[in-house]
There are 2 protein chains.
Amino acid sequence: MTRVLIAEDQTMVLGALAALLALESDMEIVATAGDGLEALEVLEREPIDVLITDIEMPRLTGLDLAERLKEQAGAPAVIIVTTFGRPGYLRRALEAGVRGFLLKDAPAEKLADSVRRVARGERVIAPELALSAWDGGNPLTQRQRDVLRLAGEGLSTRDIGTRLHLAEGTVRNYLSEAIGALHAANRIEAFRLARQNGWL
Amino acid sequence: MTRVLIAEDQTMVLGALAALLALESDMEIVATAGDGLEALEVLEREPIDVLITDIEMPRLTGLDLAERLKEQAGAPAVIIVTTFGRPGYLRRALEAGVRGFLLKDAPAEKLADSVRRVARGERVIAPELALSAWDGGNPLTQRQRDVLRLAGEGLSTRDIGTRLHLAEGTVRNYLSEAIGALHAANRIEAFRLARQNGWL
DNA sequence: GATCGAATCTGACAAATGTCATGGTGCAGT
DNA sequence: ACTGCACCATGACATTTGTCAGATTCGATC
């Protein structure tokens, strides 16, 4: 009997996924969690074989969760199930020792199948992403990311400078570099590209 | 026996929702669809009592689908199930004669319950949104929306002008108006605000 | 310890963006 | 027919944003 924990912030999707796996006679849904912190609490008091988790959740994301578990002995095998196949996400997940990485676009049957594989020690990576993981890392430096993230919220150059304790010219420079690195035309496009690729 | 059709582009979520409703003995999942057009095809050849649909889907969105069905006689009752509780979405849905509007944040049991209610002719609106529907309509004019949408993709003023056959000054003017109408500081913030509220 | 490269900062200048004043068109109410 | 009002459209002007050349720091390599 494989003991499963599911973490997902959209309650309806969480319930639906639980219903889906509950149909499998060799699995037991021990508990469900609405975010990463709840999942950690469950893990403290229950032995879990496989943790299925979304990435984008409040308080603690699935990636942060996986990174924390990597340190611990006796941690469960982790399967990430996400909407967004951003290369940066997959890369980070692999570095966190995640054993499965699936897209919500994949057929539903794939999930139970993946749980069994991962429980056996295998790895399961969404095939459409398997290649993209190694086409280079993040093209942005730390500062470029900082600045671009704030620009994406609609802050002006001046406000970004104030927030990061930088001169306006410096902020513009980082933005310009980021725009160049991403082959974008302006800060808006640069932000969209970086976001799409999980580089922020 | 209530005959149900589900439209949702994330295959795994689709499968999970189907599994969830299949547990109910008084419902039959007649078919599932990956987008709005597929749903229309099914509706042509199968009698359906209740259509459950996501909003953001490729090719034909759930809102467009609902608007088309409004015209037709013998159309099914429609329940929208969406991630985003944007006021503009709810307003448009209500105008399209939708009978249910739920968030994916709602508990899973709520779904089967809602299907039964709308099948009986009742309306089901996510309580946290019921109020927000009437706090004023869309503050943007058609042209402001057009321009803002393109600006949000990262196009320059010049490119937007070319695309819409407008002078650059005109484009800047609409953007300026939109920025003012939304109390934003620049086009980026304006885009974010408009998007969050479903005004695009 | 000299050299190189990468990342962090900055200001001057050019280009794009935001504001404002103005005019045109169509439509509802008088 | 006239008035008021909302929306569409434009160009002149001021401000913000993007580019570029260069200075500084710090760690890796020879």
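We use all heavy atoms of the structure for the numbers below, so side chains are in, but hydrogens, waters and symmetry mates are not. Just so you know, these numbers come straight off a predicted model, no measurement behind them. Every chain is numbered from 1, with letters handed out A, B, ... down the list of sequences.
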Next item on the list: Going by the side chain to side chain donor-acceptor pair (under 3.5 Å) test, name the single residue among B/Arg99, B/Arg116, B/Arg117 that passes it with B/Glu122.
Entry: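 Exactly one pass, corresponding to B/Arg117.
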Next item on the list: Select from A/Ala185 and B/Gly169 the residue whose nearest nucleotide in DNA chain D is closer to the 5' end of that strand.
Entry: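 It is B/Gly169, whose closest nucleotide lies nearer the 5' terminus.
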Checklist line | Nearest-0.5 Å distance, OH of residue B/Tyr89 to CD of residue B/Glu56 | finding: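 The distance works out to 4.0 Å.
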Whole-Å distance between [N] [atom2] and [X] [atom1]?
X        : N      : atom1 : atom2 : value
A/Arg143 : C/dT10 : CZ    : C1'   : 14 Å
B/Leu164 : D/dC7  : CG    : C1'   : 16 Å
B/Leu155 : C/dT17 : CG    : P     : 10 Å
A/Asn173 : C/dA6  : CG    : P     : 16 Å
A/Arg145 : C/dA7  : CZ    : P     : 11 Å
B/Gln142 : C/dG26 : CD    : C1'   : 17 Å
B/Leu140 : D/dC8  : CG    : C1'   : 15 Å
A/Tyr174 : C/dA7  : OH    : P     : 11 Å

Which part of the nucleic acid, if any, lies within reach of [X] when heavy atoms closer than 4.0 Å are counted: base, sugar-phosphate only, or nothing?
X        : answer
A/Asn186 : sugar-phosphate
A/Arg172 : base
B/Thr170 : base
B/Ser176 : base

Check: What's the shortest heavy-atom distance between A/Gly152 and B/Ile188, and which atoms?
Finding: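 That closest heavy-atom pairing would be O-CG2, 3.7 Å.
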Next item on the list: Please check the phosphate of C/dA7 (OP1 and OP2 only) for any side-chain N or O of A/Thr141 closer than 4.0 Å.
Entry: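 Checking A/Thr141 against C/dA7: no side-chain N or O falls below 4.0 Å of OP1 or OP2.
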Side chain of [X] (C-beta onward), nearest among [options]:
X        : options               : result
A/Leu166 : C/dA7, D/dT16, C/dT10 : C/dT10
B/Ile179 : C/dT19, C/dG11, D/dA9 : C/dT19
A/Arg158 : D/dC8, D/dT16, D/dG18 : D/dT16

Next item on the list: Could you check A/Arg145 against A/Leu148 for side chain to side chain contact (heavy atoms under 4.5 Å, CB included), going step by step and ending with a plain yes or no?
Entry: CA-CA 5 Å; A/Arg145 270 198 297 278; A/Leu148 195 52; 5.9 Å; no
Next item on the list: State whether B/Lys104 and B/Glu8 are salt-bridged, where the test is any N-O pair (Lys NZ or Arg NE/NH1/NH2 against Asp/Glu carboxylate O) under 4.0 Å.
Entry: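 Yes, this pair counts.
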